[in-house]
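All remarks here apply to the structure that follows.
Note that the coordinates shown come from a computational prediction; the quantities given were computed from them, not determined experimentally. In what follows, every heavy atom counts, from backbone to side chain, and hydrogens, waters and symmetry copies are set aside.
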Amino acid sequence: MKKHDLHTYCINTDFHGSILVTSGSQIEFQQAYGLADRVHNIPNSTQTRFGMASGCKLFTAIAILQLIEKGCFSLDSRIRDVLPLKHSHFHESITVHQLLTHTSGIPDYFDEEKMDDFEDLWRDQPSYRMESPADFLPLFEQETMKSTPGERFSYNNSGYVLLGLIIEAHAGITFSEYVETHIFEAAGMEKSGYFRMDQLPDGTATGYIGLGDGLYKSNIYSLPVKGGPDGGAYTTTEDVHTLLDSLFKHRLLTKESTDLLLTPHVESSTGTFYGYGIWMIQDEGAARVYSLMGLDPGVSFRSIIFPEDERMITVLSNSDDQAFSMMTFIRSNVL
């Protein structure tokens with residue numbers, strides 16, 4: 001691996017974040033750059049916690065499959081049977097599988113096909129009130145269906161909010177409590193959690209939004225105060241690799257459930273597919289590559305898994321889309 005080239009690129013691009021590249025049990029590259037707190041000049045470290053935005057949809061998918069293994073419901077269960085909703089206009093045939101694969105057709109509270117500024121959501125609904133999955137229901141439950149269930153793929157945060165509510169209804173505890181116990185603790189992810197943005201623990205990076213001309217602001221007013229089933233957990237690069245190692249070695253789910261999660265259920269674009277909470281790239285004749293990603297104001301995350309040679313690359317950043325450009329550079333110039 002061309003470590004010098006990667007280090008030079010990080011310095012030249014003023015990268016803020018953490019990078020971990022492993023091959024099997026061997027660390028090929030591990031380094032952090034930039035500042036976790038620009039006001040107090042606190043540097044990022046390899047142990048710094050970063051927001052991972054939508055990357056944690058994988059946690060929701062794992063939790064759903066764990067409850068299915070316990071017999072609580074099935075992938076074919078209709079949401080009307082597993083989650084009574086009094087005020088929604090959702091089609092009665094929508095299934096758990098369709099929520100997991102973004103094919104349910106329900107209205108999305110942040111429709112990425114129509115909106116591009118996440119901050120616009122909080123002009124009428126204060127972000128500091130968004131503390132649980134149920135708090136998001138008023139943003140979409142009375143809207144009309146976007147498409148017929150099963151008709152097409154359309155990335156949908158609301159679908160994962162409903163999955164979080166299903167988890168709470170059948171586990172009897174809050175969504176964050178379930179994930180922190182049955183996934184984070186079970187996998188050995190010691191530094192990960194659903195922390196409130198106004199109560200971040202020591203060693204957690206503040207997210208920063210670039211304003212141009214060297215100016216920036218923190219993202220504390222740009223995101224829900226606490227993450228949930230569609231995004232917003234905090235983690236480290238090491239914890240991400242611990243999670244993926246546990247997943248691929250069937251420590252969180254049975255082999256059968258893991259295979260279902262990693263199946264390309266729907267094509268989102270040419271050569272790119274979605275399983276349950278995870279993306280996969282399958283070019284003709286090439287080995288399948290798995291990917292996690294997340295992007296929020298002041299947050300960017302990419303992780304790529306190459307099962308054939310047991311290689312993983314994870315980039316977490318507390319600056320807009322830096323993780324995406326960094327991953328592109330690593331794959332094109334370093335590996």
Side-chain angles (χ1 to χ4, degrees), residues 20 22 24-25 49 52-75 77 82 96-97 99-101 133 159-160 163-195 227-265 273-280 288-294 301-308 310-314 316:
L20 176 60
T22 60
S25 60
R49 302 175 174 98
M52 60 187 302
S54 290
C56 54
K57 283 184 172 67
L58 177 61
F59 306 147
T60 305
I62 292 171
I64 285 289
L65 289 171
Q66 286 177 340
L67 293 175
I68 287 174
E69 288 181 356
K70 293 179 179 179
C72 295
F73 46 84
S74 74
L75 289 166
S77 294
V82 295
V96 171
H97 166 83
L99 294 176
L100 285 166
T101 56
Y160 273 71
L163 290 169
L165 289 169
I166 291 171
I167 291 165
E168 291 186 338
H170 292 267
I173 54 178
T174 68
F175 171 81
S176 59
E177 287 173 332
Y178 183 93
V179 173
E180 288 172 348
T181 299
H182 296 277
I183 297 177
F184 294 170
E185 290 182 17
M189 301 167 65
E190 297 180 355
K191 291 183 175 293
S192 300
Y194 284 90
F195 312 126
D230 61 325
Y234 290 84
T235 192
T236 66
T237 53
E238 289 186 0
D239 271 7
V240 172
H241 284 220
T242 296
L243 166 77
L244 294 171
D245 185 64
S246 296
L247 176 65
F248 278 81
K249 292 180 179 176
H250 315 304
R251 295 172 184 152
L252 297 173
L253 296 167
T254 64
K255 184 180 185 304
E256 180 182 18
S257 295
T258 303
D259 289 344
L260 275 173
L261 184 142
L262 298 174
T263 296
H265 294 290
F273 299 82
Y274 201 80
Y276 291 154
I278 191 167
W279 302 87
M280 50 207 71
R288 186 180 299 168
V289 175
Y290 298 97
S291 175
L292 297 174
M293 65 183 75
F301 161 62
R302 286 296 308 275
S303 189
I304 294 181
I305 308 98
F306 304 87
E308 279 203 341
E310 297 184 350
R311 175 172 282 181
M312 299 184 200
I313 310 168
T314 294
L316 284 161

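Here OH of Tyr274 is found 14.0 Å from OG1 of Thr263. Values are rounded to the nearest 0.5 Å. Distance check: Ile313 CD1 to Arg311 CZ gives 6.5 Å after rounding to the nearest 0.5 Å. The structure places OG1 of Thr236 at 9.5 Å from CD of Glu190, a figure rounded to the nearest 0.5 Å. Separation of atoms CG (Asp239) and CG (Leu244) is listed at 11.0 Å; rounding is to 0.5 Å. Once rounded to the nearest 0.5 Å, the distance linking OH of Tyr178 with OG1 of Thr60 reads 11.0 Å. Here the CE atom belonging to Met52 is positioned 4.0 Å from the CZ atom belonging to Phe59, to the nearest 0.5 angstrom.
Between His265 and His97, the ring planes are perpendicular. Angles over 60° get that label, and only those under 30° would be called parallel. Between Phe184 and Tyr194, the ring planes are parallel. Angles under 30° get that label, and only those over 60° would be called perpendicular.
Looking at every heavy atom in both residues, His182 comes nearest to Gln66 through O-NE2, 3.3 Å. Nearest heavy atoms, Val82 versus Ser77: CG1-CB, 3.8 Å. A pairwise comparison of heavy atoms in Ala186 and Leu252 identifies CB-CD2, 3.9 Å as the closest pair. Contact record, Ser192 with Thr235: OG-OG1, 2.7 Å, taken as the closest heavy-atom pair. Smallest separation of non-hydrogen atoms from Cys56 and Gly231: SG-CA, 3.3 Å. Contact between Ile278 and Ser291 at its shortest, heavy atoms only, is CG1-O, 3.5 Å.
Panel note: side chain Tyr160, backbone Gly277; a donor-acceptor pair is recorded below 3.5 Å. Put simply, the side chain of Thr22 never gets that close to the backbone of Ser25: no donor and acceptor are under 3.5 Å apart. The backbone N or O of Ser257 lies less than 3.5 Å from no partner atom in the side chain of Glu69, so there is not a single donor-acceptor pair. A donor-acceptor distance shorter than 3.5 angstrom exists from the side chain of Glu168 to the backbone of Phe175, with no hydrogens or angles considered. Side-chain atoms of Arg288 do not come within 3.5 Å of backbone N or O of Met280 as any donor-acceptor pair.
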Next item on the list: Would you check, one step at a time, whether the test side-chain contact (heavy atoms from CB on, under 4.5 Å) holds for Leu316 with Arg49?
Entry: CA-CA 9 Å; Leu316 284 161; Arg49 302 175 174 98; over 6 Å; no
Note to self: Applying side-chain contact (heavy atoms from CB on, under 4.5 Å) to Ile62 and Leu65, what does each step give before you reach the verdict?
What the structure shows: CA-CA 5 Å; Ile62 292 171; Leu65 289 171; 5.9 Å; no
Note to self: Thr314 vs Phe301, test: side-chain contact (heavy atoms from CB on, under 4.5 Å). Steps then yes/no.
What the structure shows: CA-CA 8 Å; Thr314 294; Phe301 161 62; 3.9 Å; yes
Checklist line | From CA spacing to verdict: side-chain contact (heavy atoms from CB on, under 4.5 Å), Leu260, Leu75 | finding: CA-CA 10 Å; Leu260 275 173; Leu75 289 166; 4.0 Å; yes
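Within the 4.5 Å cutoff, the side chain of Leu67 has no heavy atoms near those of the Ile166 side chain. With contacts defined as side-chain heavy-atom distances shorter than 4.5 Å, the pair Leu292/Trp279 does not qualify. Two residues are said to be in side-chain contact when any heavy atoms from C-beta on lie closer than 4.5 Å; Tyr290 and Ile304 fail this criterion. Residues Ile305 and Phe248 form a side-chain contact, since some pair of their non-hydrogen atoms from C-beta on lies under 4.5 Å apart.
Counting heavy atoms of neighbouring residues, nucleotides and ligands inside a 6.0 Å radius, atom CD of Glu310 does not exceed 12 of them. Residue Glu177 qualifies as enclosed at atom CD: its count of foreign heavy atoms under 6.0 Å is above 12.
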